[in-house]
Amino acid sequence: MRGAFHRIFKLGLIGVALLACVWSLAATPVRAQQVKRVLLLNAYSHDLSWTADITRGVQEVMSGQGASVKLSVEFMDTKNYFSPEYLAMVEEQLRLKYGHIKLDAVITSDDNAINFALQNRARLFGNTPIIFCGVNNLDLPKRDDFKNITGVLESPDVGGSIEAAMRLQPGLKTIYLVMDSTTTGAMNKGLTQAVLPKYEDKVGFVWLENLSMSELKGKVSSLPPDSAVLLVTFNRDRLGQWFTFEECIAELSPVSNSPIYSMWDFYLGHGIVGGMLTSGRYQGVTAANMALEVMSGTPTGEVPVTIQKANRYMFDYAMLTRYGLYRDMLPEGSILINVPESLYDKYKYELWFVSGIIVLLSVAIIALLANIRARKKAEGELEELNKYQETLIEQRTEELTLRSRELELANYELKKLDSLKTAVLNTVSHDLRTPLTAVLGFCKIIDRDFKRFFLPLCHGADDLEGRGERIRGNLTIIEKEGERLTRLINDFLDLSKIESGSMGWNDQMLEPTTLFKDAIPVFQGYFTGSEVGLSVQVDDGLPRVLADPDRLLQVLNNLVGNAAKFTHAGKVSIEAVEANGCLQVTVADTGVGIPTEELEDIFEKFYQVAQSTSDTEICRGSGMGLAISKHIVEHYGGSIRADSTPERGSRFTFTLPPAAN
Ligand code: ADP
């Protein structure tokens with residue numbers, strides 16, 4: 001992730017750089033004549049980190065101006081060379097290099113440079129504005145020749161560093177002040193001496209000066225406990241040997257048994273613990289910004305000289321650790337370098353990523369747990385509901401079983417009663433048939449004898465003759481009703497037998513054609529003396545059927561009898577054909593017809609259509625004929641149905657399956 005971040009950052013920088021290039025290229029022709037020339041004149045060498053830092057600060061600001069400013073940098077190296085001859089040579093060199101150029105601003109760093117610039121100003125820079133920095137001489141602005149000049153004074157905060165040492169080392173007894181005899185050293189000594197009285201009642205001060213490097217090293221390596229070293233300035237030792245700031249601290253730090261403090265940030269990171277440090281880079285940045293302001297047209301007098309307080313509490317974590325000093329004791333707002341990257345810093349993005357995932361997973365787990373809980377609750381509720389329903393079903397089942405048993409019992413009782421009824425009716429019917437036969441027989445004998453022996457005697461006596469005829473009429477009624485009663489009893493017995501399964505079926509292989517041929521005279525008998533005509537059409541080669549001929553004739557008689565009974569005009573037709581391999585017989589009439597809603601019911605036993613039975617002309621039937629016919633047809637695997645149009649006639653059709661070969 002960090003790699004990706006860096007890549008995006010780099011791409012961003014490249015983009016910005018490209019834009020800057022495009023912008024500057026576009027701007028070049030217009031601004032060619034407006035390029036400002038700036039000279040940075042450093043008093044010291046570029047290998048002096050203080051000077052290097054100032055230069056870096058100036059370059060940072062100027063490079064921000066793109067092509068509109070051209071910066072030239074010179075290093076006078078006056079720490080190493082300071083003779084009048086050398087300075088004259090420097091002056092000559094600068095004159096050769098910049099004499100023909102109109103400079104827009106001259107920036108100087110450190111006291112030697114501003115002093116040199118002012119001394120040679122007329123010949124080198126004319127009235128070009130001068131902006132100084134890193135100048136310790138706070139009285140510089142009081143000079144008579146201080147004209148068209150502004151800049152940054154350097155004011156190291158010695159007191160701040162002493163306080164830092166006292167704070168970090170609570171038992172501190174002595175501070176050893178390291179000092180050389182260079183111009184800067186002498187100046188810094190003055191600054192230091194000025195602040196010491198403020199602290200002398202709390203801590204002792206010992207000057208380490210006029211020493212060779214090895215003598216100094218010997219001293220700092222054997223300081224008594226509760227000591228501290230304040231490195232003020234040490235660039236040239238007693239023997240005249242030159243040391244850069246880094247070389248100096250690199251010599252002292254490894255051997256010093258006490259923490260070393262200072263007032264400049266170029267020592268930081270090379271062996272000092274820290275202190276209230278002055279920053280060369282910031283001096284450079286500030287001076288460069290002032291130069292830009294002046295070059296933009298602001299009169300130098302309106303850009304005030306600043307005593308730069310670019311001092312910050314800065315410390316080296318590695319040195320704190322080395323001398324057992326506590327980080328917690330650092331002054332508030334301190335900058336700390338060399339802090340080992342914490343695990344958090346090192347794996348910040350990974351940590352956030354993993355934490356994010358953990359949070360997401362936790363949320364997911366919580367959601368799942370909540371879901372599981374809700375589901376368990378729902379399952380519990382469902383289980384309870386199931387139990388309740390099961391109990392309910394069990395209860396209902398028990399009730400149903402009870403009812404079913406009761407029904408079975410009732411059914412059993414009913415069946416018993418039914419068979420008892422059938423048995424009783426059978427017996428009664430049988431018993432009725434015998435006396436009825438006798439009644440009918442005697443009726444016939446009485447009629448015959450009465451006609452033969454008594455009626456002739458009444459001849460001549462009108463009164464008696466009339467009575468005699470009435471007696472004969474009554475006998476005929478008794479006979480007819482007796483016959484009807486016999487039919488009724490027969491029908492009833494047949495139906496009972498069929499329903500109880502006790503009917504004897506005398507099955508034979510029947511040729512329908514023969515059966516019809518024999519039955520036609522009987523059918524014609526129904527129409528004797530009637531205006532209704534009978535037509536019979538029996539196809540040849542009808543399928544043979546296996547059935548009791550008497551029962552089949554019973555069906556045909558019933559259908560033809562009904563047709564004759566309910567038809568007063570028109571005709572009745574009997575038709576026997578083969579349909580789908582079956583024997584199909586149709587008896588159609590042009591009689592009174594049957595209401596459509598009653599067509600289904602007429603096959604029920606004892607059912608009679610009210611309209612037809614209300615006709616007093618029609619001989620009343622039993623309401624069992626069609627029920628018996630249906631039973632017979634269905635017994636042989638056939639079916640029977642009725643179609644009718646009221647007032648237009650009826651049509652009864654039954655089919656019987658062919659006998660198997
Ligand atoms: P029934 O002995 O009364 O004729 P059926 O069972 O044979 O008894 O017939 C039942 C009833 O069906 C009859 O009473 C009659 O109302 C009606 N029915 C039967 N055949 C015909 C027909 N061809 N025309 C009109 N009505 C008929």
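Values reported hereafter were calculated over all heavy atoms of this structure, with side chains retained and with hydrogens, waters and symmetry mates removed. Order of appearance sets the numbers: ligands from 1, and atoms from 1 within every ligand.
Remark: side-chain polar atoms of D589 are not paired, donor with acceptor, to backbone N or O of V572 under 3.5 angstrom.
Below 3.5 Å of separation, one finds an N or O of L626 facing an N or O of ligand 1. Ligand 1 has no N or O atom lying under 3.5 Å from any N or O atom of A627, backbone or side chain. Considering backbone and side-chain N/O of V609, one or more are found under 3.5 Å from N/O of ligand 1.
Smallest separation of non-hydrogen atoms from C443 and I478: SG-CG2, 3.5 Å.
Interface atoms of ligand 1 facing M624, defined by a heavy-atom separation under 4.0 Å, are 6 (O), 8 (O). Those atoms of ligand 1 that come under 4.0 Å of a heavy atom in Y607, given as number and element, are 10 (C), 11 (C). Atoms of ligand 1 found under 4.0 Å from any heavy atom of I594, numbered from 1 in the order shown, are 25 (C), 26 (N), 27 (C). Near G623, the atoms of ligand 1 lying under 4.0 angstrom from a non-hydrogen atom of the residue are 1 (P), 2 (O), 3 (O), 6 (O), 8 (O). Numbered from 1 in the order shown, with element, the atoms of ligand 1 that lie under 4.0 Å from a heavy atom of S650 read 24 (N). Each of the atoms 22 (C), 23 (N) of ligand 1 lies under 4.0 Å from some heavy atom of D589.
A donor-acceptor pair shorter than 3.5 Å can be found between the side chains of Q554 and R551.
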Distance-only check: which donor-acceptor pairs under 3.5 Å involve side-chain atoms of residues 507-532, not counting sequence neighbours?
unit_1 : atom_1 : unit_2 : atom_2 : d
D507   : OD1    : D548   : N      : 3.3
D507   : OD1    : Y636   : OH     : 2.4
Y526   : OH     : N557   : OD1    : 3.1
T528   : OG1    : G525   : O      : 3.0
S530   : OG     : V532   : N      : 2.9

I335 vs L268, side chain to side chain contact (heavy atoms under 4.5 Å, CB included): CA-CA, chis, key distance, verdict:
CA-CA 11 Å; I335 295 166; L268 193 69; over 6 Å; no

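Side-chain atoms of F652 and L626, non-hydrogen and from C-beta on, do get closer than 4.5 Å to each other.
Under the salt bridge (Lys or Arg N to Asp or Glu O under 4.0 Å) criterion, the residue pairs touching residues 621-632 are K630-E634, with sequence neighbours excluded.
At least one heavy atom of F652 lies less than 4.0 angstrom from ligand 1. Ligand 1 lies within reach of A563, whose nearest heavy atom is under 4.0 Å from it. Ligand 1 lies within reach of K565, whose nearest heavy atom is under 4.0 Å from it.
By the criterion of a heavy-atom distance under 4.0 Å, the side chain of N558, and not its backbone, is placed next to ligand 1.
Within 6.0 Å of CH2 in W505 there are more than 12 heavy atoms belonging to other residues, nucleotides or ligands. The number of heavy-atom neighbours closer than 6.0 Å to CD of E600, taken from other residues, nucleotides and ligands shown, is 12 or below.
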